[in-house]
Number of protein chains: 2
Amino acid sequence: MSTLTSKPTKDRLIETARELFLREGVPQTGINKVIAKADVARMTLYNNFASKADLVLAVFEREAALRRVAIQATQEDLDGPFERVLALFVVAEDVASQKGFRGCAFINLAIEAAAPDSALHALAQQHKAWITANIRVQLGDGVFSDTDVLADQIAVLWDGGIVGAYVHQSDRPLRSAREAAQTLMRAAAQ
Amino acid sequence: MSTLTSKPTKDRLIETARELFLREGVPQTGINKVIAKADVARMTLYNNFASKADLVLAVFEREAALRRVAIQATQEDLDGPFERVLALFVVAEDVASQKGFRGCAFINLAIEAAAPDSALHALAQQHKAWITANIRVQLGDGVFSDTDVLADQIAVLWDGGIVGAYVHQSDRPLRSAREAAQTLMRAAAQ
DNA sequence: TGATAGGTAGACCGGTATGTCTACTCTTAC
DNA sequence: GTAAGAGTAGACATACCGGTCTACCTATCA
């Protein structure tokens with residue numbers, strides 16, 4: 001292995017933990033499940049991470065970064081604020097249609113694994129703030145009135161659509177959200 | 001005590017558990033906390049409820065019923081679909097402003113305490129469906145076009161607003177949701 | 001050759017969780 | 001007066017949790 005910290009093992013732990021955290025939830029995923037699935041010794045985990053909370057933080061920081069990149073990549077191929085904003089919802093509808101869909105990982109994180117004053121909650125908050133800021137950017141200037149307000153409203157629809165899709169086990173709330181976003185954009189178009 | 005099942009003790013258990021479940025979350029609230037706060041023996045709980053899951057179910061069934069009544073009571077004093085629908089958001093804003101606010105109890109229940117095929121998840125689903133149906137009724141017939149669609153969209157805004165208020169620890173998402181609901185209603189007004 | 005770093009296996013610790021069991025007390029009703 | 005129902009106190013069983021520690025293995029590299 002390299003002279004510095006062993007990257008592959010650490011990365012494997014993060015990726016294995018990610019799968020379990022997203023599929024089964026953070027509190028439901030014990031250390032034992034992670035090391036068993038990663039086929040790694042207990043001490044290997046604790047040599048790479050100070051604690052479970054440290055591992056959770058690493059997993060979700062990486063996850064947030066990956067999602068930002070994925071969203072931007074999707075938007076690059078599209079033109080205009082309508083297409084780019086609505087693409088967010090379409091992507092979510094695809095994810096929600098897969099079985100085992102558990103809603104938004106960051107909302108879940110905030111609710112089930114993080115007190116409001118914790119670093120994990122702050123991470124969820126930041127990710128959501130980035131989503132809102134991204135929507136704001138896609139809306140551009142001059143096309144819509146009250147762009148900041150509109151971005152906030154569309155972000156609310158996005159959250160509500162994903163949560164609703166999980167609760168109702170259906171992509172219908174996400175479709176409602178997308179259509180509502182469209183209506184709001186049309187109403188705000190100058 | 002009465003010849004039948006002892007009501008007062010059972011009720012006290014439910015009310016005590018309710019407070020703890022809502023304030024600290026269902027998984028974070030152990031049986032021990034419940035019986036300590038209710039000042040009741042361990043076996044008293046298990047003589048009244050088959051299991052913790054059974055207690056949780058009783059608590060949230062009662063909670064859903066109480067909330068339906070409270071929402072209807074609020075709406076009785078108001079006139080017209082705009083006032084009655086927007087009142088839902090105003091009430092939520094009040095609740096969200098209180099410290100210790102933990103978002104929507106039923107969404108939390110679905111996420112942190114219930115597999116999608118469980119009775120608890122179904123309960124959360126039913127409660128959300130009732131909210132949507134209530135919005136639909138308040139919208140009435142003839143005032144708006146696509147009333148079913150509009151009700152779905154407003155319900156999504158409600159969920160997104162509450163979840164956003166918790167994640168961002170701010171009532172701003174709820175205000176955005178209310179204003180968006182207003183815009184959608186205006187756009188659908190015939 | 002031999003030091004070092006990274007990984008391994010598994011015992012172990014203290015804590016907490018739900019749930020069971022027993023023996024006891026108290027109150028009500030017949 | 002006594003039987004039954006409801007509640008009590010607390011030990012107990014079992015399982016899991018996160019986390020620590022030790023002794024060992026093995027590959028790399030100077």
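Residue numbering restarts at 1 for every chain, and letters A, B, ... go by the order of the sequence lines. Worth saying up front: this structure is predicted, and the values here are computed from it rather than measured.
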Student: What is the distance, to the nearest angstrom, from the CG atom on Asp54(A) to the C1' atom on dG18(D)?
Tutor: 14 Å
Student: Using distance only, find each side-chain donor-acceptor pair of residues 156-165 of chain B under 3.5 Å and give its atom names and separation, not counting sequence neighbours.
Tutor:
residue   : atom : partner   : partner atom : Å
Asp159(B) : OD1  : Lys128(B) : NZ           : 2.9

Student: Give the B/S/- string for nucleotides 14-24 of chain C, one per nucleotide from 5' to 3', where a protein heavy atom under 4.0 Å of the base yields B, of only the sugar-phosphate yields S, and otherwise -.
Tutor: ---SBBBBB--
Student: Once ring pair (Phe, Tyr, Trp, His ring centres under 6.0 Å) is applied, do any residues pair with His168(A), and if so which ones, sequence neighbours excluded?
Tutor: none
Student: Residues two or more places apart in sequence or in another chain: which of them pass salt bridge (Lys or Arg N to Asp or Glu O under 4.0 Å) with Arg42(A)?
Tutor: none
Student: In whole angstrom, give the distance that lies between atom CD1 of Ile35(B) and atom P of dG10(D).
Tutor: 11 Å
Student: Whole-Å distance between dG7(C) C1' and Leu13(A) CG?
Tutor: 11 Å
Student: For the pair made of CG in Asn48(B) and P in dT8(D), what is the distance, rounded to whole Å?
Tutor: 10 Å
Student: Using residues 80-96 of chain B as the side-chain source, report each donor-acceptor pair under 3.5 Å to any protein atom, sequence neighbours left out, with the distance given to one decimal.
Tutor:
residue  : atom : partner   : partner atom : Å
Arg84(B) : NE   : Gln75(B)  : O            : 3.1
Arg84(B) : NE   : Leu78(B)  : O            : 2.9
Arg84(B) : NH1  : Gln138(B) : OE1          : 3.4
Arg84(B) : NH2  : Gln75(B)  : O            : 3.4
Arg84(B) : NH2  : Leu78(B)  : O            : 3.1
Glu93(B) : OE1  : Arg178(B) : NH1          : 3.2
Glu93(B) : OE2  : Arg178(B) : NH1          : 2.9

Student: Which of residues 110-124 of chain B sit near DNA chain C, with a heavy atom under 4.0 Å from it?
Tutor: none
Student: Arg136(B) versus Asp141(B): any side-chain heavy-atom pair under 4.5 Å?
Tutor: yes
Student: Can you tell me which residue pairs pass the ring pair (Phe, Tyr, Trp, His ring centres under 6.0 Å) test with a partner in residues 101-129 of chain A, sequence neighbours excluded?
Tutor: Phe60(A)-Phe106(A), Phe106(A)-His127(A), His121(A)-Tyr166(B)
Student: Between atom CG in Asn47(B) and atom P in dA4(D), what is the gap in whole Å?
Tutor: 17 Å
Student: Base, sugar-phosphate, or nothing: which does Asp39(B) touch, judged by heavy atoms less than 4.0 Å apart?
Tutor: sugar-phosphate
Student: Taking only residues two or more places apart in sequence or in another chain, which ones pass salt bridge (Lys or Arg N to Asp or Glu O under 4.0 Å) with Glu24(A)?
Tutor: Lys33(A)
Student: With a cut-off of 3.5 Å and sequence neighbours excluded, list every side-chain donor-acceptor pair involving residues 180-190 of chain B.
Tutor:
residue   : atom : partner   : partner atom : Å
Thr183(B) : OG1  : Glu179(B) : O            : 3.0

